[in-house]
Amino acid sequence: MIEKKDQKSRDEVKIIRTGCCHDCGGRCSLWAHVKNGKIIKFETDSSEESQLRACARGRAYRQRVYSSERLKYPMRRIGERGEGKFERISWDEALDIVANKLKEIKNKYGNSAILFVPGSGNQGWIHGPMPVGLMLNQFGGYTRMWGAPSYEGALFASMATYGTMMTGNAREDFLNSKLIIIWGWNPANTVWDPGTPLMLARAREKGIKIVNIDPIFTDSAAILAEQWIPIRPGTDSAMLIAMTYVIITENLHDQKFINSYTVGFNKYKKYVLGDEDGIPKTPEWAEKITIVPADTIINLAREYATNKPAALVAGWGPARTALGEQYSRAANALCAITGNIGINGGYASGFMRAYYSREAVVSGGKKKVGPVKPEEQKKLVKDKSPRGNPVDFNAPPRKDSLYKLRGGTNPASTRIHYNEYYDAILQGRKGGYPADLKMAYIVATNHLNQYSNVNKGIKALKALEFIVVHEQFMTPTAKFADILLPVNTFMERNDIAVPWLGSPYYIYLNKTIDSLYESKSDLEICRELSKRLGIDPGLLNLSEDQILRIFTSPRKDIKSYDQMKKDGFYKVKVEEPFVAFKEQIEDPKNNPFPTLSGKIEIYCEHMAELNIPNMPPIPNYLSHDEHYDAPLAKKYPLQLLTPHNKRRTHSSLSMIPWLEEVEPHAVWINPIDADSRNIDHYDLVDIYNDRGRVRIPANVTERVIPGVVVIYQGAWYNPDKDGVDLGGCGNVLTKDTRSPGGAFPMNSALVQVELFSKKESEGSP
Ligand SMILES: Nc1nc2c(c(=O)[nH]1)N[C@H]1C(S)=C(S)[C@@H](COP(=O)(O)OP(=O)(O)OC[C@H]3O[C@@H](n4cnc5c(=O)[nH]c(N)nc54)[C@H](O)[C@@H]3O)O[C@H]1N2
Ligand SMILES: Nc1nc2c(c(=O)[nH]1)N[C@H]1C(S)=C(S)[C@@H](COP(=O)(O)OP(=O)(O)OC[C@H]3O[C@@H](n4cnc5c(=O)[nH]c(N)nc54)[C@H](O)[C@@H]3O)O[C@H]1N2
Ligand code: SF4
Ligand SMILES: [Mo]
């Protein structure tokens, strides 16, 4: 019987400060009201500015934690791989099987046969993929990926142009701009951190003009922007180059800035004016390609060049295309030739990260950027830290990487691009890949769903000898596991998380409830597996609190760990908004840009030396085989976009009833394209190409331009018996290749759409 006193304390509501650390750029406060060991309600940060307010997704989190679909105990596959038939087993048995398989594969084929597939599901420091990486390093290493689907095109361009990814100004600095261009960016939905949409809203309130360029009339276009300029997907570099043409020919460029801080302007100018190819990149030239009227291009170019300081924020979406780095390079060049870099109210575009001071604090000085020493360019330096992967040790760099520059993508040639895993599994060393892959260790990712060409992915996953997955739900990827291990959520453990792009705060995620069912954290799983593998668990043997204190200690900006734990966040006081490249502009002699030339590289010699097709050393407009003007467009005339949706974070949160009410999943199609196909609102339609077929309702809307259809990424792949996806996963249709710079072509697929059934008929919604 429960004592009266105990009953009373259980009935009391305790408020435990924690956070949401899904992958939306920001990390937000969730304050859990806990009664009798159960979360009954969430509040969010209502303390002093700047508030870390959670969005609707975070606020709906109770329905995820307590979902009946949560994985409850370890399971072993009993049906065909991918069929989703499993039986319950004990933790001991499951861990024994995983450890034995790891040892067997290592002995038989070597460590490079182990493919580690980490994902973005948890953004805290000590859970998710992190402990698995540490464990596998200790075990002798694994084959890992390079390339992030989020930003690889933008990152490559940022490194090539600026030699760094630290190119963003603090959000508050938007208020110092006279004009803000948000290009292919929808922060009203994608958040990036709670301060981003807020500052843009304040800028708008202040009367600062915001222009948005996007094929979709997004919520940002509707709420934040004064002007929406619809553009044909994948043609943005043509518009940017034509803006450059207007600026140069009308003498609106900042010649002094160009002379002092950049290299290669004259070479670019020749291309822009058409001196070499005979094609002047005029607004009229761009109009035909982009469908943006020449006058609109001219006006925006003039406005941008004459309203200084102006912020051009080139989002990552248009860079998530077949030759995405060209768009980012052209945007960076435009920022440079107008001299909008290194000043309050300006913006360098680039990668957008802006570490107010954190980076300096962690590495005890400046972040290591700039040229790599010549002797290190042939062989990567052995990284003996726990984060070093022995399989990468001493590997020569990839031939198409910016290997002479530090601080970008790891160039080890032992790595495989994330969007090329499937061919790597199917073809191995014979196909030119660096390893023969035999098992996959999949953690915190719904990889099959979230990376291109699902149907090829299925073949590849079936070809492996063994697959282990750490998951919270039976995702389309989890169905391919041989051993499926149930993981707890961030409500059930302690962690710390920081926002991606350097806003000055930390979130402390206090554990709110005990782990549900038999679930464990990734950390606990790796601690136990390490014992079975006979390796030193190192850090993994410590408690969460001990590890978090170790990780926090080099960060001098956190004045008190205990205060942070109590408050559930730590907001760092910053004297003034960070402005990227301020020192480079104010005192160039003592602060060169961390490029090989020490200047902003409009022309990049390093790229020229690489001499890779479709990777010119100056920004270009280029077509490709799934562009609107490619021969394939005759068969598949519509351009598919697969952007990020407000209802979920990637594929996480996709089955939450409260969030489903926000917006039903459907393919967006313009009335012109719908009418010509006899499609009405909410009819069931097929979207298809040579890679696969998706069947979902149509949302007939003018919010997307003619010629373009939209399937928001993240819906769960759900094939019928013929392999038609009834779930609406856009990656059934996207292409599993990469650009020379590593961009993922997730917004560059050609498709056709046809009516499947009218909405009144049987089988439709
Ligand atoms: N709600 C929510 N927020 C998220 C996420 C999520 O899944 N859900 N994911 C997070 C993650 S990991 C990331 S990386 C970021 C991604 O952030 P973004 O990459 O900025 O997000 P997207 O919505 O894919 O793309 C932004 C816009 O680019 C547009 N776009 C696509 N192709 C083109 C083009 O060719 N030209 C132009 N001009 N525009 C184009 C799209 O229509 C879209 O409106 O968002 C983060 N935030
Ligand atoms: N077509 C198309 N595809 C895209 C994109 C696009 O724009 N278009 N965007 C891409 C981008 S930018 C990204 S970042 C990727 C993201 O792709 P993923 O990294 O695969 O992200 P999610 O789909 O959210 O899957 C994360 C999984 O982690 C699980 N999880 C959550 N917390 C934990 C944990 O603590 N431990 C473990 N073990 N698991 C956990 C969740 O249940 C979820 O199933 O998607 C990419 N895919
Ligand atoms: S889902 Fe993303 S934006 Fe929303 S509360 Fe969580 S971390 Fe913040
Ligand atoms: Mo991402």
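Computed over heavy atoms, backbone and side chain alike; hydrogens, waters and symmetry mates excluded. Throughout, numbering of the chain's residues begins at 1 and tracks the sequence. Each ligand, and each atom within it, is numbered from 1 in the order the structure gives.
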Subject >> For Ala54, the ligand 3 atoms whose distance to one of its heavy atoms is below 4.0 Å >> reply: 5 (S)
**OP:** Pull out every atom of ligand 2 sitting under 4.0 Å from any heavy atom of Thr649, numbered as shown with elements.
**Re:** 24 (O)
Original post:
What atoms in ligand 3 come closer than 4.0 Å to a heavy atom of Cys20?
Top reply: 1 (S), 5 (S), 6 (Fe), 7 (S)
Subject >> Atom indices of ligand 2, in the order listed, that fall short of 4.0 Å to a heavy atom of Ser120 >> reply: 16 (C), 18 (P), 19 (O), 21 (O)
**OP:** Quick one: look up the protein heavy atom nearest atom 24 (O) of ligand 2 and list residue, atom name and how far away it is.
**Re:** Ser652 OG, 2.7 Å
Subject >> atom 6 (Fe) of ligand 3 to nearest N/O/S of Cys28 below 2.8 Å >> reply: no
Original post:
Between Lys511 and Asp495, is there a side-chain N and carboxylate O pair less than 4.0 Å apart?
Top reply: no
Original post:
Would you say the side-chain atoms of Arg17 pair up with the backbone N or O of Asp567, donor to acceptor, closer than 3.5 Å?
Top reply: yes
**OP:** Compute the minimum heavy-atom distance from Gln472 to ligand 2 and say whether it is under 4.0 Å.
**Re:** yes
Original post:
Is there a donor in the side chain of Thr196 and an acceptor in the side chain of Arg171, or the other way round, less than 3.5 Å apart?
Top reply: yes
**OP:** Show your working on side-chain hydrogen bond (donor to acceptor under 3.5 Å, both in side chains) between His470 and Tyr441 and close with a plain yes or no.
**Re:** CA-CA 8 Å; His470 293 197; Tyr441 204 124; 2.8 Å; yes
**OP:** Before giving the answer on side-chain hydrogen bond (donor to acceptor under 3.5 Å, both in side chains), spell out for Asn488 and Arg70 the whole-Å C-alpha distance, their side-chain angles and the decisive distance to 0.1 Å.
**Re:** CA-CA 9 Å; Asn488 61 11; Arg70 276 274 300 265; over 6 Å; no
Subject >> Output field: ring centroids Phe351/Tyr151 closer than 6.0 Å >> reply: yes
Original post:
Counting heavy atoms only, which of Cys24, Cys21, Pro197 is nearest atom 2 (Fe) of ligand 3?
Top reply: Cys24
Original post:
Of all the atoms in ligand 3, which lie at a distance below 4.0 Å from a heavy atom belonging to Cys55?
Top reply: 1 (S), 3 (S), 4 (Fe), 5 (S)
Original post:
So which heavy atom in the protein is nearest atom 47 (N) of ligand 2, and how far is it from that ligand atom?
Top reply: Gln450 O, 2.6 Å
**OP:** Return the residue, atom name and 0.1 Å-rounded distance of the protein heavy atom closest to atom 10 (C) of ligand 2.
**Re:** Pro149 CB, 3.6 Å
Subject >> Atoms in ligand 2 flagged as close to Asp522, the criterion being non-hydrogen separation under 4.0 Å >> reply: 34 (C), 35 (O), 36 (N), 37 (C), 38 (N)
Original post:
So is Met130 in contact with ligand 2, going by heavy-atom distances below 4.0 Å?
Top reply: no
Original post:
Does the gap between the ring centers of Trp185 and Trp316 come in under 6.0 Å?
Top reply: no
Subject >> Matching residue for Val710 among Pro643, Pro233, Pro215 - test: side-chain contact (heavy atoms from CB on, under 4.5 Å) >> reply: Pro643
Original post:
In the protein, what heavy atom is nearest to atom 26 (C) of ligand 2, and what distance, to one decimal place, separates them?
Top reply: Ala444 O, 3.3 Å
Original post:
Which ligand 2 atoms, with their elements, are less than 4.0 angstrom from a heavy-atom of Val487?
Top reply: 34 (C), 36 (N), 37 (C), 38 (N)
Original post:
Which atoms of ligand 3 are found less than 4.0 Å from any heavy atom of Gly26?
Top reply: 7 (S)
Subject >> Protein contact to atom 23 (O) of ligand 2 [nearest heavy atom, distance to 0.1 Å] >> reply: Ser651 OG, 2.5 Å
Subject >> Proximal ligand 2 atoms for His470, defined as those under 4.0 Å from one of its heavy atoms >> reply: 37 (C), 38 (N), 39 (N)
**OP:** List the closest protein heavy-atom neighbour of atom 1 (N) of ligand 2: residue, atom name, distance to the nearest 0.1 Å.
**Re:** Asn731 OD1, 2.7 Å
Subject >> Check: Arg53 side chain, Cys28 main-chain N or O, donor-acceptor pair, under 3.5 Å >> reply: no
Original post:
In terms of atom number and element, which parts of ligand 2 are under 4.0 angstrom from non-hydrogen atoms of Ser150?
Top reply: 12 (S), 14 (S)
Subject >> Sole candidate of Asp23, Asn446, Thr445, Thr649 that passes side chain to side chain donor-acceptor pair (under 3.5 Å) when paired with Ser120 >> reply: Asp23
Subject >> Region of Arg64 that comes within reach of ligand 2 [heavy atoms, distance under 4.0 Å] >> reply: side chain
Original post:
With the threshold set at 4.0 Å, does a side-chain nitrogen-carboxylate oxygen contact exist between Lys735 and Asp690?
Top reply: no
**OP:** Flag Asn488 as yes when one of its N or O atoms lies below 3.5 Å from any N or O atom of ligand 2, and as no otherwise.
**Re:** no
Subject >> Identity and separation of the nearest protein heavy atom to atom 13 (C) of ligand 2 >> reply: His650 CE1, 3.4 Å
Subject >> Lys571 side chain to Ser47 side chain, donor-acceptor N/O pair below 3.5 angstrom >> reply: yes
**OP:** Return the residue, atom name and 0.1 Å-rounded distance of the protein heavy atom closest to atom 29 (C) of ligand 2.
**Re:** Glu471 OE2, 3.4 Å
Subject >> Atom indices of ligand 2, in the order listed, that fall short of 4.0 Å to a heavy atom of Gly119 >> reply: 19 (O)
Subject >> Thr321 backbone acceptor or donor facing Asn747 side chain under 3.5 Å >> reply: no
**OP:** Would you tell me whether Thr489 and Glu492 have side-chain atoms, one donor and one acceptor, within less than 3.5 Å of each other?
**Re:** yes
Original post:
When the ring centroid of Tyr451 is compared with that of His417, is the distance short of 6.0 Å?
Top reply: no
**OP:** Give a yes/no verdict on whether any heavy atom in Glu152 is under 4.0 Å from an atom of ligand 2.
**Re:** no
**OP:** For Thr475, take its heavy atoms, then give the atoms of ligand 2 lying under 4.0 Å from any of them.
**Re:** 44 (O)
Original post:
So His22 and Tyr61, would you call those rings parallel, tilted or perpendicular, with 30° and 60° as cut-offs?
Top reply: tilted
**OP:** Have a look at ligand 2 and work out which part of Glu492, if any, has a heavy atom under 4.0 Å from it: side chain, backbone, both or neither.
**Re:** neither
